[in-house]
Amino acid sequence: MVEGNEDDRLSKLPDDLLLNIVERLDIADAARTTILSRRWKDVLARLSKVVIRADSFESKHTTSKLKKEDIVQSNTTVLDATRSILERRAGSLHTIQLLCMQFYLGDESIFIGQTVANSIATQKVASVDFTILTKVRRNCTKDELLTNGRQFMSFFDSCPNTFGCLARLTLENLRLGESAFPKNFSICKQLEFLFLHNCDMGIQSLLEVEHPQLSELVIASGCFKRVHLKWAPKLTILKFSIFRSKDDPFCLGYVPLLQTVSIINTALSWHKMLKLSELLGKTAISILHLNFRSEKIWVKPEGRRQLLPVFHKLRIVNLLNIPEECDLTWTMFLLQGAPNLKELRIVVNSCAGSFMFSGAEEEGCI
C-alpha cells in the first residue's frame, strides 16, 4: 500500500489489464478478488470467459464412486457460484464469449440449467459449454447407465432453451432410448463439439448423426454397433476410442470437410481387420492417427490403387503402439498410397522407442 493512498498500485492498473489478470484465475479465486477494493467489485461483471467447474470447489476424491451427499454439495456450490456471478452481471453490456460449466448429473443440475437459460435470455452469451459428470465415473453397471440416461433426459427436457444454445457438450455413462439422440441433435442446433464417453442406446445400437454445425465428434467406449455420419457438412475432426463393434465402427455419409481421423483400439479376437479405403469412403483426409494399444494390428494393408483416392491429401500420419515385428515394412502400404505425405511418426510398443520421418516426398521415399 502506498502511504496516504487508499488504493494499492495493482488496483490502479488499466481496466483491460485487470480483466486479463482475473480471467487467468480459477473462478473461486476470481470471486475472492471482489473483496480487495471497490475497483475490483465490477471486474467479474466484465469477464468475457466464465468457467465454473465442480472440481474447482470439491476436495480430491480417491474413489471412482461418490456419495449422494458429495454430489449434492458439489452441485449446490456450482449453483451458488453460477447465480452469484451471472446475477452480478445483470444489465451488463459486456458479452460473455464463453460460459463453461462442469457439474454432476443430479436433481440440482436442473436448477443449474435453468439459471443458465435465464442468463442466456437476459444477457449476451456467445457460446455455452457443458460437461456433465456422473456419480460413478468408471465401471458403470447396466442399471446405472439406464438410471443416468433417464435422469439426463429429465434434465434435458427441463431446460431445452439452454441446450439449444450449447456449442460444446461432454457426456458420460448414459444409456438413452432410440429416439433420444435424434431429439437431442434437433434441439442442440448450435452444437459444434460433442464428446460421448461410454454412451449408447443399448448394446449393438446404431447411432445416426445428422447435424448442420457439428465440427468435432469424439466417441469413447460405448456399445454402438456403428455410428453413421449421414449428414455433417461442417465436421472436420472425428475421433474413435475403444469400440466393441465386430464390423466397421463408423460409416461416412456426407462429410465433405473431414480432415482429421483418430482411431484408438485394443484389438480382440472378434474384431475385424479394417480396410481404410472402405472405412474412410470418398473422403480425402489430411491427418490420420492410429493407436493400436496392443500386439494385434487391426488395419489391413492395401494397395496404392485402393488408398490413393482417400490418401491423396494425407500429410501427417501417426502410428502408435504398433508391434515390433511390423516396424517400417508394415507401413509401406501407407507411404505408397499417400504421395503428399510430409510427416510420419511411428511408436513401437517395445523399448525400441519412436522415430519421426519428415519431408519424405523431398527425400524421394514415396
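For clarity, every value in this text was computed on a predicted model and none was experimentally measured.
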Colleague: Is the closest side-chain heavy-atom distance between L235 and V209 below 4.5 Å?
Modeller: no
Colleague: So with a 6.0 Å cut-off around CZ of F111, is the heavy-atom count from everything else above 12?
Modeller: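 Atom CZ in F111 is not crowded, with 12 or fewer foreign heavy atoms closer than 6.0 Å.
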Colleague: For the residue pair P339 and L308, what are the closest heavy atoms and their distance?
Modeller: CD-CD1, 3.6 Å
Colleague: So which of T131, I132, V128 actually passes side-chain contact (heavy atoms from CB on, under 4.5 Å) with L169?
Modeller: I132
Colleague: Between the side chain of S109 and the main-chain N/O of L105, is any donor-acceptor distance below 3.5 Å?
Modeller: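 Checking the backbone N and O of L105 against the side chain of S109, no donor-acceptor pair under 3.5 Å is found.
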Colleague: For a side chain to side chain contact (heavy atoms under 4.5 Å, CB included) check, start with the C-alpha distance between V299 and F292, then their side-chain angles and the critical distance, and finish with the verdict.
Modeller: CA-CA 9 Å; V299 169; F292 295 95; 4.0 Å; yes
Colleague: Looking only at side-chain N and O atoms, does E172 offer a donor or acceptor that is under 3.5 Å from a partner on T134?
Modeller: yes
Colleague: Is I346 reachable from F333 through a run of hydrophobic residues whose side-chain heavy atoms are each under 4.5 Å from the next?
Modeller: yes
Colleague: What I'd like to find out is whether the side chain of F130 reaches to under 4.5 Å of the side chain of T162, using heavy atoms alone.
Modeller: yes
Colleague: For the side chain of E208 and the backbone of K230, is there at least one donor-acceptor N/O pair under 3.5 Å apart?
Modeller: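 Side chain of E208 to backbone of K230, a donor-acceptor pair under 3.5 Å: no, none is there.
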Colleague: Any idea how F240 and F243 line up, ring-wise: parallel (<30°), tilted (30 to 60°), or perpendicular (>60°)?
Modeller: perpendicular
Colleague: Is it true that, when you exclude R226 itself, more than 12 heavy atoms of the residues, nucleotides or ligands shown sit nearer than 6.0 Å to its CZ?
Modeller: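 Count over threshold, so yes.
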Colleague: Using modelled atom types and a 3.5 Å cut-off, is there a donor and acceptor pairing between side-chain atoms of N340 and backbone atoms of H312?
Modeller: yes
Colleague: Flag yes if F193 and M101 sit in one hydrophobic cluster, no otherwise; membership is Ile, Leu, Val, Met, Phe, Trp, Tyr, and two members link when side-chain heavy atoms are under 4.5 Å apart.
Modeller: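 Hydrophobic grouping puts F193 apart from M101.
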Colleague: When rounded to the nearest 0.5 angstrom, what distance separates CD in E87 from OG1 in T122?
Modeller: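 If I round to the nearest 0.5 Å, the distance is 9.5 Å.
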Colleague: Are the side chain of R304 and the backbone of Q336 linked by a donor-acceptor contact shorter than 3.5 Å?
Modeller: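 Flag set: sc R304 to bb Q336 pair under 3.5 Å.
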Colleague: How long is the gap from CG on L194 to CG on L171, to the nearest 0.5 Å?
Modeller: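 Here the interatomic distance stands at 6.5 Å.
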Colleague: Say whether, by atom type as modelled, one donor and one acceptor occur between the side chain of N198 and the main chain of S221 under 3.5 angstrom.
Modeller: no
Colleague: Find out whether I242 and R293 are in side-chain contact, i.e. whether some heavy atom of one side chain is under 4.5 Å from a heavy atom of the other.
Modeller: yes
Colleague: Transitively linked via ILVMFWY side-chain contacts under 4.5 Å: V218 with V255?
Modeller: no
Colleague: If we only count heavy atoms from C-beta on, is the L217 to F250 side-chain gap below 4.5 Å?
Modeller: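 No, too far: nothing below the 4.5 Å cut-off.
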Colleague: Just by modelled atom types, is the D200 backbone N or O under 3.5 Å from a matching donor or acceptor in the S205 side chain?
Modeller: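 Side chain of S205 to backbone of D200: no pair is present.
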Colleague: How close do P233 and P212 get, heavy atom to heavy atom, and via which atoms?
Modeller: CG-O, 3.9 Å
Colleague: Give, for atom NZ of K225 and atom CD1 of I203, the distance between the pair rounded to the nearest 0.5 Å.
Modeller: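 That separation rounds to 13.5 Å.
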Colleague: Test of understanding: clusters of I, L, V, M, F, W, Y form through side-chain heavy atoms closer than 4.5 Å, transitively. Do I187 and M201 belong to the same one?
Modeller: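 Same cluster.
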Colleague: Please report the shortest heavy-atom distance between C188 and F156, naming the atom on each side.
Modeller: SG-CE1, 4.0 Å
Colleague: At what distance, to the nearest 0.5 angstrom, does CD1 of I71 lie from OG1 of T76?
Modeller: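 Output value for this atom pair is 10.5 Å.
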Colleague: Rounded to the nearest 0.5 Å, how far apart are CG of L166 and CD1 of I120?
Modeller: 7.0 Å
Colleague: Look up atom CG in L290 and atom CG in N321, then write down how far apart they are to the nearest 0.5 Å.
Modeller: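 It is 11.5 Å, given to the nearest 0.5 Å.
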Colleague: Can you tell me if Q190 uses its side chain to pair, donor with acceptor, with the backbone of A167 under 3.5 Å?
Modeller: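 Absent.
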Colleague: For the residue pair Q213 and K234, what are the closest heavy atoms and their distance?
Modeller: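 Residues Q213 and K234, closest heavy atoms: OE1-NZ, 3.1 Å.
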Colleague: Check the orientation of F185 and H211. Use parallel for under 30°, tilted for 30 to 60°, and perpendicular for over 60°.
Modeller: perpendicular
Colleague: Can you confirm whether K183 sits close enough to M153 that some side-chain heavy atom of one is under 4.5 Å from a side-chain heavy atom of the other?
Modeller: yes
Colleague: Closest heavy-atom contact between L274 and P249?
Modeller: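 For L274 and P249, the tightest heavy-atom pair comes out as CD2-CD, 4.0 Å.
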Colleague: Measure from the side-chain N and O atoms of R244 to the backbone N and O of G222, and report whether any donor-acceptor pair falls under 3.5 Å.
Modeller: yes
Colleague: Provide the closest heavy-atom pair for I285 versus Q259 in the form atom of the first, atom of the second, distance.
Modeller: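 That closest heavy-atom pairing would be CB-O, 3.3 Å.
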Colleague: Any side-chain heavy atom of K239 within less than 4.5 Å of one from E216?
Modeller: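 Answer yes - side chains close enough.
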Colleague: Considering residues, nucleotides and ligands other than K282, do more than 12 of their heavy atoms fall under 6.0 Å from its NZ?
Modeller: no
Colleague: Do T236 side-chain atoms and L257 backbone N/O form a donor-acceptor pair below 3.5 Å?
Modeller: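 No, T236 side chain to L257 backbone: no donor-acceptor pair under 3.5 Å.
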Colleague: Can you confirm whether K246 is buried at NZ, in the sense that more than 12 heavy atoms of other residues, nucleotides or ligands lie under 6.0 Å from that atom?
Modeller: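 No, because the 6.0 Å sphere around NZ of K246 holds 12 heavy atoms or fewer from other groups.
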Colleague: Are any of the side-chain heavy atoms of L252 and L238 separated by less than 4.5 Å?
Modeller: yes
Colleague: Please say yes or no: joined through hydrophobic side-chain contacts below 4.5 Å, possibly via intermediate residues, are V317 and V310 part of one cluster?
Modeller: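 Same cluster.
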Colleague: Side chains of L145 and N173: does their closest heavy-atom pair fall under 4.5 Å?
Modeller: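 In contact.
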Colleague: Checking Q123 side chain against L86 main chain: does a donor-acceptor pair fall under 3.5 Å?
Modeller: yes
Colleague: Report, as yes or no, whether the 6.0 Å neighbourhood of atom CD on Q97 holds more than 12 heavy atoms from other residues, nucleotides or ligands.
Modeller: yes
Colleague: Does atom CD of Q73 have more than 12 heavy-atom neighbours from other groups under 6.0 Å away?
Modeller: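 It does not: Q73 CD has 12 such atoms or fewer within range.
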Colleague: Charged N to carboxylate O under 4.0 angstrom, K49 versus D129?
Modeller: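 Looking at K49 and D129, the cut-off is not met.
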Colleague: Is the shortest side-chain N to carboxylate O distance from K135 to D70 below 4.0 Å?
Modeller: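 A salt bridge is absent here (no side-chain N lies under 4.0 Å from a carboxylate O).
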